Amino acid sequence: MPLPFNVATHLDTAIRAAAKALGLTDQGFESEVRVADPANGDFQANGALAFAKRAKQNPRALAQQIVDLLGALQTDFDLTLAGPGFINFRLKPAALLGWLQAYGSAQDLQNGAASARQGQTWIVDYSSPNTAKQMHVGHLRSAVIGEAICRLLAFSGAKVIRDNHIGDWGTQFGKLIWAHKRHLDPAALATDPLEEFERLYKVGNTAADADPSVLEEARHELVRLQDGDSTNLEIWKEINDVSLAAFQQIYDQLGIKFDVTLGESFYNDKVPRVYRELSESGLAEESGGALVVFHDEHPRFSRNAERPNPFMVRKGDGASGYASTDLATALYRAENFHAHGIVIVTDFRQTDHFEQLFLTVKKWFAAKKYRLPELHHVIFGAVTGDDGKALRTRDGGTIKLKELLGEAEERAYALVTEKTPDLPEAERRTIARTIGISSVQYADLSQNRSSNYVFSWEKMLSFEGNTAPYLLYAVTRVRSIFRKASLNPAEPPVGSATAPESLQEISLARKLVKFPDAIQLATNTLRPHFLGLYLYELAGEFSGFYAADKVIVDDAAVRARRLLLCHRTLIVLETGLHLLGLRTLERM
Ligand code: ARG
């Protein structure tokens with residue numbers, strides 16, 4: 001029997017059984033299995049140490065008692081007791097071979113991983129830009145990180161619903177419609193409609209700032225829209241349609257396809273129920289005409305806070321807002337999609353909003369006995385220039401995403417042309433498109449998302465370091481081994497492969513077996529950079545192996561053994577990069 005896909009889980013099960021036999025389970029024993037420092041082994045279990053400390057027992061003796069019950073693991077692992085009471089597990093070469101043979105295709109990897117969230121539905125709310133404006137560089141992270149999270153969740157077996165929660169019902173429409181009726185330039189509308197809407201918004205905004213009567217008229221336009229006035233609805237719809245078509249071009253470049261686009265306007269008729277239920281259950285209270293929710297257990301959202309900052313469920317003028325819509329959205333997702341989990345990906349500046357939202361939803365659902373989904377606000381930091389300030393164009397404007405992605409392709413094209421001038425132009429273009437977009441995506445995904453990240457063309461397009469070009473190149477290098485030997489990587493001749501032998505073979509095999517841990521870590525923490533780091537390290541292991549051990553040698557057994565490692569590296573690298581939302585190349 002080969003080892004299960006996730007070796008750490010297998011060890012956890014065995015150790016828990018041993019702990020149970022020793023009567024430790026009821027006393028809160030945890031196995032604490034994790035990936036070990038390679039010098040010590042493949043996995044280590046720290047649970048005996050933590051438990052013995054609490055129970056005032058001798059940790060080494062306890063660890064030894066556990067080891068004595070793990071005899072069945074000796075077939076696949078060398079077990080050692082280390083330090084004050086760690087148990088180290090080192091996979092034997094035959095066990096490494098068994099695992100590599102058992103998971104021999106991208107589909108096998110998927111099947112292996114797909115048990116964790118089988119039967120669960122997850123809603124991922126990402127990208128979610130406001131309409132009537134172009135997407136700028138600030139919109140990149142939500143789209144890129146959100147898509148990687150969708151793919152990771154789906155890989156672990158969940159049904160994922162990608163929901164673009166566009167801001168299509170904001171107060172911007174008052175000024176916009178006001179200006180649209182008076183200052184529309186039909187020629188500009190025909191050439192670049194989104195550009196024209198942005199101009200109109202500025203016209204409306206400037207006019208409203210200068211003249212209170214304009215502001216008043218703009219407010220009326222908004223009220224008319226909300227009351228269903230047909231002219232205003234038509235303008236509103238035109239603006240949204242144009243915006244969505246422009247967004248779609250960017251989504252196509254990034255490989256994103258939403259299942260639903262349920263923006264703020266969709267929830268317009270669903271907010272009265274929120275007002276009613278929050279009032280009935282005593283969660284919300286009237287305050288100067290507004291309906292607000294305080295959370296007295298929270299220092300900043302309590303009514304006794306130094307600067308009271310309640311969750312504004314309904315504004316003083318009776319209008320709904322961001323809070324009301326998001327409350328209605330949470331209920332709709334729970335009821336309509338039976339969501340097991342909801343993930344919302346936005347900038348860190350919305351932390352307070354979502355903290356208040358989640359606190360309110362938890363109390364509301366408890367009061368109404370609605371089933372509460374897992375709620376996750378996935379935040380990310382800002383994209384900055386070298387100076388640490390928000391990235392801007394030279395003249396201080398915002399950088400449009402469309403232009404940024406275009407520049408990425410152009411820069412990649414220059415690079416590809418420099419490296420492989422002999423390839424036909426069309427092929428260089430295709431390669432450049434993948435390298436350019438992947439570099440932008442991966443520059444973002446290789447960072448811990450909570451930090452700000454410094455946007456640097458030089459770094460992201462470098463063939464050295466944890467970059468997309470480096471990883472894409474690693475893939476093409478493995479592919480070229482097969483190509484040069486006239487072998488089809490879809491059907492690698494590895495049936496007669498024996499267990500890894502050389503230092504580098506073993507080291508690479510040990511890294512491959514840890515793919516499930518990287519996936520699990522990235523998925524459970526909703527932090528794709530853990531997967532990126534793993535792939536980078538795997539590519540490094542492969543380089544070490546390839547430099548030391550020639551693959552296409554005469555000895556058939558050695559060749560099969562090394563081809564097996566090449567092939568498994570290929571499927572793990574490609575699967576991992578696709579999970580991050582990147583496209584890969586056959587050659588470059
Ligand atoms: N439209 C918002 C913005 O541009 C993001 C929406 C995120 N999703 C949500 N359910 N609030 O900042």
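Order of appearance sets the numbers: ligands from 1, and atoms from 1 within every ligand. Small disclaimer: the values here were computed from a predicted structure and weren't measured.
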Self-check item: Y470/Y536 aromatic ring centres below 6.0 Å
Solution: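 Between Y470 and Y536, the centre distance is under 6.0 Å.
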Practice problem: Please check if the distance between the ring centroids of H165 and Y267 is under 6.0 Å. | Solution: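 Ring centroids of H165 and Y267 are less than 6.0 Å from each other.
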Quiz item: Contact residues of ligand 1 with a heavy-atom cut-off of under 4.0 Å?
Solution: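 Around ligand 1, where the cutoff is 4.0 Å for heavy atoms, the contacting residues are D125, S128, N130, H165, Y322, D326, I344, T346, Q350, F354.
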Quiz prompt | All ring pair (Phe, Tyr, Trp, His ring centres under 6.0 Å) counterparts of H183, not counting sequence neighbours | solution =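 Ring pair (Phe, Tyr, Trp, His ring centres under 6.0 Å) list for H183, sorted by chain: W178.
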Exercise. Could I get the full list of side-chain hydrogen bond (donor to acceptor under 3.5 Å, both in side chains) partners for T575, not counting sequence neighbours?
Key: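 Result, side-chain hydrogen bond (donor to acceptor under 3.5 Å, both in side chains) vs T575: none returned.
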Quiz prompt | Donor-acceptor contact below 3.5 Å, side chain N232 vs main chain E221 | solution =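 Looks like yes, one N/O pair under 3.5 Å.
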Self-check item: Listed once per pair and sorted, the salt bridge (charged side-chain N to carboxylate O under 4.0 Å, His left out) pairs that draw on residues 339-350, sequence neighbours left out
Solution: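 Residue pairs passing salt bridge (charged side-chain N to carboxylate O under 4.0 Å, His left out), neighbours aside: D347-R349.
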